[in-house]
Chemist: 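Sharing a structure, written as structure tokens. Questions coming.
The analysis underlying the following values was restricted to heavy atoms, covering all of them including side chains, and did not include hydrogens, waters or symmetry mates. All figures in this text were calculated on a predicted structure; none of them were measured in a lab.
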Amino acid sequence: MRIPREFELPGEDAVMHKDGNRLIIEPAATRSLLALLATLPALDEDFAPIEDLPPGDVAI
């Protein structure tokens, strides 16, 4: 079964929930980048040290 075009929601994701006998379908809230990154597993790698150099002169 397809949803009629006039009822299409923006985006790719939707949230469905029941309210009594009603089925409510809403667009999913957009997630921030920080929220998305928080769901990723931690990296278990050793990274090479980065030398912390003082800033150089800037010609403006």
Side-chain angles (χ1 to χ4, degrees):
M1 180 173 145
R2 292 184 51 89
I3 297 174
R5 186 167 296 279
E6 63 266 16
F7 295 113
E8 283 185 6
L9 299 172
E12 295 290 320
D13 298 317
V15 176
M16 295 182 1
H17 60 93
K18 285 182 75 170
D19 183 10
N21 290 333
R22 298 178 345 176
L23 177 63
I24 303 193
I25 305 172
E26 302 173 311
T30 57
R31 295 173 55 182
S32 71
L33 178 57
L34 289 177
L36 175 63
L37 292 175
T39 66
L40 298 176
L43 294 176
D44 188 24
E45 297 182 30
D46 291 327
F47 292 96
I50 299 174
E51 187 178 355
D52 190 12
L53 300 173
D57 293 335
V58 177
I60 297 180

Chemist: On a heavy-atom basis, which atom in P27 and which in L9 lie closest, and how many Å separate them?
Modeler: N-CD1, 3.8 Å

Chemist: Please round to the nearest 0.5 Å and tell me the distance separating atom CE of M16 and atom CD1 of I25.
Modeler: 5.5 Å

Chemist: Using a cut-off of 6.0 Å, state whether more than 12 heavy atoms not belonging to L53 lie near its atom CG.
Modeler: yes

Chemist: Say whether L34 and L40 are linked into one hydrophobic cluster, either directly or through other cluster members, by side-chain heavy-atom distances under 4.5 angstrom.
Modeler: no

Chemist: Taking atom CD of E12 as the centre, report whether more than 12 heavy atoms of other residues, nucleotides or ligands fall under 6.0 Å from it.
Modeler: no

